[in-house]
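Notes to accompany the following structure.
So you know, we letter chains A, B, ... as the sequences are listed, proteins then strands, and number each from 1. All of these numbers come straight from a predicted model, not from anything done at the bench.
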Number of protein chains: 2
Amino acid sequence: MNSSFILEEEPVGQQSVVDYKKNQKQRKVLAHLYTQGTCTLANLAHLLHNSVPSVTGLVDELIQTQWVTAIGTAIGNNGRRPVLFGLNTKHHYVAVIDVSTHDTKILFMDTQRKVVFRGDYDLRLADNFSFLSSLIQYFTNALTDSGINAEKLVAVGISMPGLIDSRRGLNLTYKNLNHTNNSITGWLSDQINKPVYLINDTKATVLGESRFGGAQGKKQVLAINIDWGVGLGIIVNGEVFQGASGFAGELGHIQVDPEGELCRCGKIGCLDTITSALALVRRVQRDILAGQVSKLATFKDQIDQIGIDELINAAHQGDSYAIDILHEAGFQLGKGLALAINLFNPEIIIIDGVLTNAADFILSTIEQAISKYCLSDFRNDLTIELTQLNGTAKWLGTHAYVMEDIFANY
Amino acid sequence: MNSSFILEEEPVGQQSVVDYKKNQKQRKVLAHLYTQGTCTLANLAHLLHNSVPSVTGLVDELIQTQWVTAIGTAIGNNGRRPVLFGLNTKHHYVAVIDVSTHDTKILFMDTQRKVVFRGDYDLRLADNFSFLSSLIQYFTNALTDSGINAEKLVAVGISMPGLIDSRRGLNLTYKNLNHTNNSITGWLSDQINKPVYLINDTKATVLGESRFGGAQGKKQVLAINIDWGVGLGIIVNGEVFQGASGFAGELGHIQVDPEGELCRCGKIGCLDTITSALALVRRVQRDILAGQVSKLATFKDQIDQIGIDELINAAHQGDSYAIDILHEAGFQLGKGLALAINLFNPEIIIIDGVLTNAADFILSTIEQAISKYCLSDFRNDLTIELTQLNGTAKWLGTHAYVMEDIFANY
DNA sequence: AGTCATTTTTAAAAAAATTAAAAAACTATT
DNA sequence: AATAGTTTTTTAATTTTTTTAAAAATGACT
């Protein structure tokens, strides 16, 4: 190989080697400020292995580009109080689009993750092209409604369920969203003239938990997201684990019952067919119609009224049928989690999704199942926690996914 | 937090900030030379984002410390041929100790992974203290026999089966090897006065495959190691995946048959009890004693003579019972692998261990099972290969584990 | 108000990296 | 065999970056 050729090729992308190094450091500063919130110059100097005057220069430039601003001064010190720097919240915004099979939410967030605009829309994820064109419609309207200067919007992050290839911007579960010559992100990006990121909803959730929730600072994290499906988000060495094509963590489609139901994925007896919210509701509806004794039997003539919330409510009211169903779901979930624990050896598992409201009923059986199906050495360093983020983990994670990529390529 | 205190604390370990940066680069050089073999100055300059004169200085220092040496000159170029630099093979050696439940091997390898001495010993891994003292005995003898100057031995790497906490140097499966006040590595290190590293045998295997075998350059790798147990080695983002405590990849102890046999781990119906070499041999012995028609029936009066090799031989000779057994084992293995594929979404799976000789019989059923139990999207980017390293993957991986840590902390 | 502690700025000094030119090593051509 | 053409390596001057150390600024406490 001709190496002088390599040397000539190096300052690619209009960037000299010198700029490259400076940027490397500025990226670190931005990423650090993003997760830490604020920071003194001395902190940053330590982080970068540089002296304070050097770091002052780097930060000054970031202030010029409006990314960073002085936030105030630290308190409590004896001498002169250091200036705290943080991300400038007034000049760069990110849109987070939360797509699910029952609705769509569009949020505009500042660099400190404050939601400056929120719109909820009755748009359901559907496997056809009109979904994306509707989404663009809602998005452009939301942008005007938000009052944010379009110039200041730096990127759009979309979280949705399915087998998502983030790198290529494809959704392999909802294949009709992908364009023949273009990806979902490519097409959307062309339409709205902004970089568009696509991330699986469960991966967004675990990223949110990892950066801003109960899993903060942990390196090996699992987050189980029980919703219409069962999703497993994985953090490995502090980063979202995508796998080769972006599909890592498909716990919902491992076979747990060879004689089970047909899953929408085409396989038989997937975990999804047993412990997802959708599966639970269907089972309850069947049982009630078949004459099961339960408080839920009042819905017998309007069976569609039974949803996951009704099931959980009944359990909270002491309905033993509802409790049994949830116990059983927890146990099966724990059995599935045990597999993931054996393979990933996580330090923390976060429980998220609609079943968090049923924590009283599922947590203990999840733990029972894990005890039964995992070697004890795996349990010693493992904690299992409920999400503390009140359903915002997915948004925070999508935001983090976008911002961290922006910083990585600043 | 008092940040001037931090600044004062920084040049810890007798190393100034300046040295820190130089070392950062020298580490990269060493790590690069280790995997690449040789390299020109221009290559290294490109790698480090530095000019050739700068890199020349760094390399000169590494030559002073005997880590690097000029290997020769590249051929084929038009002008002056660049000097190729590589790791000096004459001044630093690493001992690799390969411990298993049926024997122990001690190897001394140079920095280019050439085996300069090999000793095979009839020492079996046993859960008692005398095992370690015997090991030390063999090791010191081997060191003298090898003729290597003890000064030049930089570290010792030990691979063994079990739940291994590499960071702490413990083996949780063979708990009596751990000392009450000291770890395995701590104790051995005190005895032989060298840094000692401990790594799980399957993780060593996958690391070997990743650095020097069929998985070279791949980021997401699974290596299945079928031996007396079933081990799964995992490479995530190009690095060995350890999990929180070092136990990641315990595929052998996931339950596959709720009505199965009692496993030595205490659980019921683990994959180990079905597809490990040990389990297969036991099953064959039982079947033969029970009157199974097979070529192996000639061993009926000396049933202990049936080992895994005899089973594989019989299959190669067309014995349909042996073939059935191997087919079945392959299918069960594939079923287990399917779980790991759903969770890890690897780009390549390497098959290693004693069953590689039975590849003709197991590979197709492994693939069948994967097709049956995995979503097709997972299979598209996935290749399944046999090891090409002829049983050396474990040694190469142990070596790499040691060397990469040495370089990381140079 | 004055002292002490700490951060920030400044400017001089030191270190490191780059550039560009010269030298060296090799090929191919005449 | 000499020479022109290529490429790598070395050298030294130049530039850039970084650090050091001192001065200035800010705030707490007495």
Side-chain angles (χ1 to χ4, degrees), chain A residues 1-11 15-26 28-29 38-63 68-86, chain B residues 1-11 15-26 28-29 38-63 68-86:
Chain A
M1 181 185 291
N2 185 324
S3 36
S4 90
F5 175 69
I6 295 177
L7 277 172
E8 279 161 35
E9 207 184 30
E10 168 54 29
Q15 198 185 47
S16 74
V17 179
V18 177
D19 287 341
Y20 168 84
K21 285 185 195 169
K22 188 198 286 176
N23 274 22
Q24 285 275 75
K25 292 179 184 171
Q26 292 185 324
K28 274 200 185 176
V29 171
T38 59
C39 228
T40 68
L41 287 174
N43 293 154
L44 293 173
H46 182 238
L47 175 79
L48 296 178
H49 296 282
N50 271 151
S51 65
V52 172
S54 301
V55 173
T56 308
L58 292 172
V59 172
D60 279 348
E61 275 189 45
L62 290 171
I63 291 174
V68 171
T69 177
I71 300 278
T73 48
I75 49 161
N77 265 0
N78 226 8
R80 177 170 175 173
R81 291 166 172 171
V83 175
L84 292 173
F85 293 93
Chain B
M1 181 187 292
N2 185 326
S3 36
S4 88
F5 174 70
I6 295 177
L7 277 172
E8 278 162 37
E9 208 184 27
E10 168 53 30
Q15 197 186 50
S16 73
V17 178
V18 177
D19 288 340
Y20 167 84
K21 284 186 195 167
K22 188 197 286 174
N23 275 22
Q24 284 276 77
K25 292 180 184 172
Q26 292 185 325
K28 273 201 186 176
V29 171
T38 58
C39 227
T40 67
L41 287 173
N43 293 154
L44 292 173
H46 182 238
L47 175 77
L48 296 178
H49 296 281
N50 271 150
S51 64
V52 172
S54 302
V55 173
T56 309
L58 292 173
V59 171
D60 278 347
E61 274 189 46
L62 290 171
I63 291 173
V68 170
T69 179
I71 300 277
T73 47
I75 49 161
N77 263 359
N78 224 7
R80 176 171 175 171
R81 293 166 172 173
V83 175
L84 292 173
F85 293 92

B:Leu58 CG to C:dT18 C1', straight-line distance once rounded to whole Å = 14 Å

Once you round it to whole Å, what is the distance between P of D:dT19 and NZ of B:Lys22?
-> 15 Å

The side-chain hydrogen bond (donor to acceptor under 3.5 Å, both in side chains) partners of A:Ser51 (sequence neighbours excluded) come to A:Ser54

Whole angstrom is fine here: how far is it from CD in A:Gln26 over to P in D:dT17?
-> 12 Å

Figure out the CG/P separation between B:Leu84 and D:dT7, and round it to whole Å.
-> 17 Å

Applying side chain to side chain contact (heavy atoms under 4.5 Å, CB included), name anything that partners B:Val59, two or more places apart in sequence or on another chain.
-> B:Leu41, B:Leu44, B:Val55, B:Ile63, B:Val68, B:Phe85

According to the salt bridge (charged side-chain N to carboxylate O under 4.0 Å, His left out) rule, which pairs have a member within residues 45-61 of chain B, sequence neighbours left out?
-> B:Lys22-B:Glu61

Separation of D:dT7 P from B:Ile75 CD1 (nearest whole Å) | 17 Å

Should A:Thr56 be listed as having a side-chain N or O under 4.0 Å from OP1 or OP2 of C:dT8?
-> no

If you look at every heavy atom in B:Val83 and B:Ala70, which pair is closest and at what distance?
-> CG1-CB, 3.8 Å

Taking the side chain as every heavy atom from C-beta outward, state whether A:Leu84 and A:Thr40 have any pair of such atoms under 4.5 Å apart.
-> yes

Please give, in whole Å, the distance from C:dA25 P to B:Leu41 CG?
-> 15 Å

To the nearest Å, how far apart are B:Asn43 CG and D:dT9 C1'?
-> 15 Å

Side-chain N or O of A:Lys25 less than 4.0 angstrom from OP1 or OP2 on D:dT18?
-> yes

Sequence-aligned protein contact record of nucleotides 25-30 of chain D, with B where the base is within under 4.0 Å of a protein heavy atom and S where only the sugar-phosphate is = BBBS--

Which atom pair, heavy atoms only, marks the closest approach of B:Lys25 to B:Asn50?
-> NZ-OD1, 2.9 Å

Interatomic distance, B:Leu48 CG vs C:dA17 P [rounded to whole Å] | 10 Å

Any A:Thr40 side-chain nitrogen or oxygen under 4.0 Å from OP1 or OP2 of C:dT7 | no

For residues 69-82 of chain A, which residue pairs qualify under salt bridge (charged side-chain N to carboxylate O under 4.0 Å, His left out), counting only residues two or more places apart or in two chains?
-> none

